[in-house]
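Every value quoted in this text rests on a predicted model; they were computed, and no experiment measured them. Every heavy atom of this structure was used, including side-chain atoms; hydrogens, water molecules and symmetry mates were not. Letters A, B, ... are given to chains in the order of the sequence lines, protein chains preceding strands, and every chain is numbered from 1.
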Amino acid sequence: MAAVAESLSFLGLTPSARDPATAVRRRNRGPRNRKKGWKRWAGPEARLGREIGDFLEDVTLQQRVAGGLIAEQPDAGLFFVDTGNAEKGRKRKNKIREKPLHIDLVLQPDSKVPPPKDILSHQIPNGKKERRRRQFWERLAQRGVLPRAERRLQTRLQNAAAPPRGPPREKAPEKGRVDPGRSFYDIWADDNPLERALVGQDSWFLQQTQKQRVKRPPRLQQKPSQLPAVEVIAPGGSYNPTFEDHQALLLKAHEVEVMKKRAEDKVERQLRFPTAAEAPTAETVFREQCEGLLEESEGEEEEEEEQKEEAVGGAQPSDPPRPPLRPGKKTEQQRRKEKEARAQELRRRQEKAWRCRQQQLFRLRSLGRQLRRWEQELLRRRRAREAKRREMEGRPRRLGRIKYEDPALEVQLSDELAESLRTLKPEGSVLHDRFKSLQKRSLIEPRERAKFKRKYRLKYVEKRAFREVTL
Amino acid sequence: MGGLEKKKYQRGSATNYITRNKARKKLQLSLPDFRRLCILKGIYPHEPRHKKKVNKGSTAARTFYLLKDIKFLLHEPIVNKFREYKIFVRKLRKAYGKSEWGTAERLKDNKPTYKLDHIVKERYPTFVDALRDLDDALSMCFLFSTFPRTGKCHVQTIQLCRRLAVEFLNYVIASRSLRKVFLSIKGIYYQAEVLGQPITWITPYAFAHDHPTDVDYRVMATFTEFYTTLLGFVNFRLYHSLNLHYPPKIDGQAEVEVKPAEGKEYAMDSESYLEKHKKLFEGLRFFLNREVPREPLAFVIRCFGGQVSWDKSLCIGATYDVSDPSITHQIVDRPRVEQQVVGRYYLQPQWVFDSVNAKLCLPVADYFPGVLLPPHLSPFVTEQEGDYIPPEKLKLLAMQRGEDPGEETEEEEEEEEEEEEDDNDKDEEEEEEDESEKEEEIKLKKMEEQKAQSNKALPVKVTAGKVRLEDKQRLEQEQQSEEKRLAIMMMKKREKYLYKKIMFGKKRKIREANKLAAKRKAHDTALKEEKKKTKKARRA
């Protein structure tokens with residue numbers, strides 16, 4: 001009964017046992033490998049486990065050594081009678097003794113357990129099933145029906161026998177807008193392929209389903225600049241120009257060069273350091289500082305005198321007798337007086353305004369003249385603004401960091417002019433000219449080539465070995 | 001203060017504009033893609049009038065776009081194609097990196113592409129709008145067709161440009177619409193009149209190639225991409241307006257005459273002068289030597305009805321050989337020609353272009369090989385009165401009017417006495433251009449002197465009358481000048497002052513023109529002296 005109870009409790013079949021399906025986590029009280037954990041090994045379950053383990057190990061050892069449980073072995077297998085043939089066997093042993101080598105002995109299997117036999121060497125898994133399948137297909141083949149793989153292989157071989165068409169591409173790549181052989185159609189006709197799909201359908205429907213394109217705003221029909229797209233070069237740019245035209249063009253180029261030279265000279269002048277002769281000495285500095293002082297010194301004295309007179313004159317105001325009061329507090333009289341003064345002031349101003357308005361009637365003509373003059377001034381300002389705006393429109397707009405710069409004039413010097421069309425050396429590049437023309441008309445913003453900027457400064461270091469080399 | 005406070009930069013012009021980076025982020029595109037989109041759609045940056053307001057107080061130079069323009073761009077279906085292309089590039093790079101060649105091939109087969117037809121229709125709702133923008137498109141296409149076929153820009157683009165350029169030239173030949181040609185040091189300028197619109201474009205010389213480094217090729221390639229589409233559609237329409245079949249069959253690079261399917265060959269203009277101009281080279285057969293630029297010359301000659309051919313080894317399309325007896329003009333550019341066939345004119349190429357500009361076949365003597373050519377004048381210059389007109393142009397105008405200046409020129413060069421006369425002539429011309437007032441004064445003085453003389457003594461005689469031919473023009477001129485003087489007398493003081501100022505300005509222009517003429521005279525006399533010296537040296 002105790003053993004049953006023990007086993008039941010061991011197997012967890014008591015009523016108080018937990019359902020092993022429910023996962024319960026006990027509270028971790030510190031690390032797992034503590035001394036407390038040694039209590040595990042003390043329990044009956046652990047002891048039983050150890051005993052089973054020992055038993056099984058014992059059994060396997062017995063099997064290895066004796067080929068089975070020792071208790072079941074016959075006596076002959078375990079014991080032998082020692083007859084003792086030491087002298088007889090010595091000679092024989094000396095002659096015939098061929099003890100096998102130790103290494104060969106060590107390599108022999110020392111377990112009495114026989115190795116498991118390999119059944120696959122004489123058995124085919126699913127052998128019967130495979131045989132039946134083979135027989136089935138042979139029967140079909142006799143009738144003429146082949147499996148799919150065979151059929152496909154045969155068709156491929158037949159196709160290969162035909163002349164090959166090159167690497168077969170399932171789909172040719174679609175060429176878009178740069179296909180040299182593309183076809184065009186009349187896009188301005190009423191029935192063009194673009195709008196054929198949309199004919200006859202409701203415009204609201206087309207709008208909502210985004211089949212119809214959004215209308216282009218009319219503001220975009222105007223170009224940013226009214227300059228012509230292709231500006232013909234001046235007549236002096238002809239390959240065989242007249243003398244005057246060529247001179248005129250050379251003059252223009254010359255002016256551009258002169259401007260550039262002037263700008264350079266200006267910068268150089270500003271940066272020039274004075275030579276020893278021009279350097280300012282103490283005397284020149286003193287003279288410079290005294291300039292204009294000597295003449296004005298008389299004027300200053302006069303002014304001083306005037307100021308003194310005024311100061312004297314103004315220092316005699318007469319104070320009216322005031323009754324002694326707290327400073328800052330006004331008496332009733334004063335308040336009344338101030339009020340009256342304010343009222344009078346107001347009345348005076350009102351009267352003046354009324355009188356002015358009355359008199360303006362007689363000033364009508366001059367008032368009219370004033371207004372007309374003001375209007376003319378406004379008109380003049382408006383015209384000036386409009387003229388300025390029109391002038392700005394003609395120039396290329398400022399769109400971005402880089403300003404537009406006119407391209408260099410293409411002109412050939414008098415000795416570079418060609419004598420015939422065959423010896424002509426073209427000047428300038430049409431690509432560059434088109435690019436600049438696009439910028440001039442404000443179609444693109446002026447761009448320059450991106451420079452390579454280093455984030456960190458380059459450091460040059462010479463190896464020690466190289467430094468020691470002296471030439 | 002009651003009510004909500006108004007914050008700055010939250011309404012008005014500050015909200016109408018958007019910076020480039022913000023616009024790019026709104027569209028979720030990279031910067032090159034954004035630029036491409038703006039170029040294709042024709043959206044340009046704007047310069048706001050009050051930059052400080054728009055830039056929220058700072059004056060940093062930023063690129064601004066109108067917010068409404070960017071909102072309009074959001075509806076464009078091409079934007080999705082750009083994003084798909086970006087993804088395609090990423091996948092392709094991965095496949096190459098992993099050496100998955102099968103994947104790479106498959107991706108390349110399904111490369112996303114787009115077409116610009118709807119943008120062309122949207123930007124140019126009518127055909128005339130498209131014609132107005134054709135200048136730029138033609139120049140770009142001609143420029144790109146001369147690029148070398150290295151990998152720098154797509155070879156397909158170059159091929160397409162070449163094809164469209166040749167088609168357009170064919171149209172101009174078939175419709176005889178070329179009007180002006182100008183050879184400059186930069187390139188060749190042409191002007192044609194298509195359906196009433198003058199279209200000017202420039203073609204670079206075939207042998208000029210310097211690739212400037214400060215040009216953004218991507219931007220130019222985007223423009224070209226759009227312009228090729230536009231030019232293709234325009235070509236289609238133009239060909240149909242002439243009842244020609246599009247696309248024409250052109251073998252190789254030759255410009256072959258397209259036979260019209262039915263109906264007229266070129267648009268009829270009612271002016272007979274224009275008709276004569278269009279038939280300038282009709283009936284003439286030209287042969288181009290190897291050293292002359294073949295394409296421009298062939299194009300120009302064909303435009304005016306002439307027949308042209310060249311050496312077979314140069315290019316396909318040569319119809320007759322150099323030994324053909326029916327050739328009337330041969331264009332050479334060498335200093336001397338060895339074997340000259342009788343009955344053929346040997347001319348330098350400038351003759352063709354000058355004749356086209358002058359609208360008549362110029363006398364060939366000036367253009368023989370080895371002769372110093374007259375200058376090539378620009379037909380794009382319009383002279384106003386008072387401006388300096390070079391003597392070559394005067395000669396040309398005279399020839400156009402029908403006078404023959406040939407004899408005058410010969411006399412001038414041979415005899416020295418005539419030189420003085422010429423000087424006098426020139427002076428007289430200048431005087432005529434001057435104010436009539438001076439003349440009147442001189443005349444009055446003369447008359448007074450005569451009167452004084454006659455008053456003194458002399459017996460008066462009656463002689464037979466002479467028939468005086470009334471020069472109507474002269475009379476008209478005199479009347480006009482009298483009226484002018486009367487008007488001047490009747491002006492108020494203030495107006496007279498202004499008038500004098502204006503006339504002073506005009507006189508200054510004329511004085512400058514005279515200065516240039518004097519310079520030219522000095523130059524010419526120097527040349528003549530040199531010639532005389534050489535002649536004397538030769539005689540001695």
Side-chain angles (χ1 to χ4, degrees), chain A residues 169-180 182-188 194 213-214 216-217 220 224 228-230 232-233 235 237-245 397-401 410 412 420-422 424 426-435 438 442-445 447-449, chain B residues 42 44-45 47 61 63 72 75 108-109 111 113-118 120-122 127 135-136 139-140 143 154 156-157 159-160 163 183-187 189 200-202 204-205 208 210 212 214-216 219 225 229 232-233 236-237 291 333 349 373 375-376 378 380-381 390 392 516 520 523:
Chain A
R169 290 281 261 254
E170 273 152 41
K171 191 169 140 184
E174 194 190 296
K175 301 191 223 180
R177 57 209 183 279
V178 286
D179 179 15
R182 76 162 282 185
S183 60
F184 295 95
Y185 46 87
D186 192 358
I187 202 173
W188 289 283
L194 282 176
R213 272 174 287 282
V214 176
R216 189 183 173 91
L220 289 173
V230 175
V232 185
I233 198 173
S238 155
Y239 91 102
N240 182 7
T242 59
F243 179 69
E244 296 84 8
D245 294 333
R397 311 275 163 80
R398 181 75 197 272
L399 308 158
R401 199 165 48 95
E410 285 111 358
Q412 282 183 333
S420 74
L421 199 54
R422 183 172 46 98
L424 171 66
E427 183 99 12
S429 145
V430 176
L431 179 63
H432 187 74
D433 162 69
R434 291 279 90 225
F435 190 58
L438 289 170
S442 312
L443 297 180
I444 50 179
E445 57 199 32
R447 305 200 42 216
E448 64 177 14
R449 205 180 171 84
Chain B
Y44 311 118
E47 191 190 6
T63 319
F72 171 63
H75 296 288
K108 277 202 275 196
D109 284 347
K111 180 175 173 181
T113 54
Y114 57 88
K115 282 208 173 155
L116 300 170
D117 305 356
H118 60 282
V120 170
K121 182 73 204 277
E122 179 194 289
F127 183 51
D135 289 2
D136 226 351
S139 304
M140 285 292 229
L143 171 66
H154 293 155
Q156 292 170 328
T157 314
Q159 285 174 333
L160 183 61
R163 168 193 148 199
L183 296 163
S184 76
I185 48 182
K186 203 168 15 173
Y189 288 90
T200 318
W201 75 95
I202 176 172
Y205 286 112
D210 55 331
D214 55 344
V215 171
D216 192 349
V219 163
E225 172 182 305
T229 321
F233 287 119
F236 186 93
R237 190 67 182 230
E291 66 272 359
D333 208 356
L373 289 170
H376 179 58
S378 163
F380 292 98
V381 164
E392 292 87 2
L516 282 173
R520 179 56 192 261
H523 177 72

Give the member of [options] that has the highest number of heavy-atom pairs under 4.5 Å with chain A.
| options | answer |
| --- | --- |
| B:Glu225, B:His154, B:Glu291, B:Met140 | B:Glu225 |
| B:Thr157, B:Val381, B:Val219, B:Asp214 | B:Asp214 |
| B:His75, B:Glu47, B:Lys115, B:Gln159 | B:Glu47 |
| B:Asp135, B:Val120, B:Val215, B:Ile202 | B:Val215 |

**Item:** Residues in side-chain hydrogen bond (donor to acceptor under 3.5 Å, both in side chains) contact with A:Thr242, at least two apart in sequence or another chain
**Value:**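 side-chain hydrogen bond (donor to acceptor under 3.5 Å, both in side chains) check on A:Thr242 returns A:Asp245.
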Residue [X] versus chain A: region with a heavy atom under 4.5 Å:
| X | result |
| --- | --- |
| B:Leu143 | side chain |
| B:Phe380 | side chain |
| B:Gln156 | both |
| B:Pro45 | both |

**Message:** With a 4.5 angstrom heavy-atom cut-off, is it the side chain or the backbone of A:Arg422 that approaches chain B, or both, or neither?
**Reply:** both
Output the distance between atom [atom1] ([X]) and atom [atom2] ([Y]), rounded to the nearest 0.5 Å.
| X | Y | atom1 | atom2 | result |
| --- | --- | --- | --- | --- |
| A:Ser420 | B:Asp333 | OG | CG | 4.0 Å |
| B:Asp216 | A:Leu438 | CG | CG | 11.0 Å |
| B:Lys121 | B:Asp117 | NZ | CG | 11.5 Å |

**Item:** Flag if over 12 foreign heavy atoms under 6.0 Å of NE2, B:His118
**Value:**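 Correct, the count exceeds 12.
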**Item:** Pairing of B:Asp136 and A:Arg434 as salt bridge, 4.0 angstrom limit
**Value:** yes
**Asked** So, are A:Arg216 and B:Glu122 salt-bridged, with charged N and O less than 4.0 Å apart?
**Response** yes
Out of [options], return the one with the most heavy atom pairs under 4.5 angstrom to chain B.
| options | value |
| --- | --- |
| A:Arg401, A:Glu448, A:Glu410 | A:Glu410 |
| A:Arg397, A:Arg213, A:Arg398 | A:Arg398 |
| A:Leu220, A:Leu443, A:Asp179, A:Leu424 | A:Leu443 |
| A:Ile444, A:Asp433, A:Ile233 | A:Ile233 |
| A:Ser238, A:Gly400, A:Ala229 | A:Ser238 |

**Message:** Measuring centre to centre across the rings, with the benzene-like ring taken for any Trp, is B:Phe233 within less than 6.0 Å of B:Phe127?
**Reply:**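 No: the rings miss the under 6.0 Å criterion.
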**Request:** Please list, chain by chain and in numerical order, all residues satisfying ring-ring contact (aromatic ring centres under 6.0 Å, His included) with A:Phe243, sequence neighbours excluded.
**Result:**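 Here the qualifying residues are B:His523.
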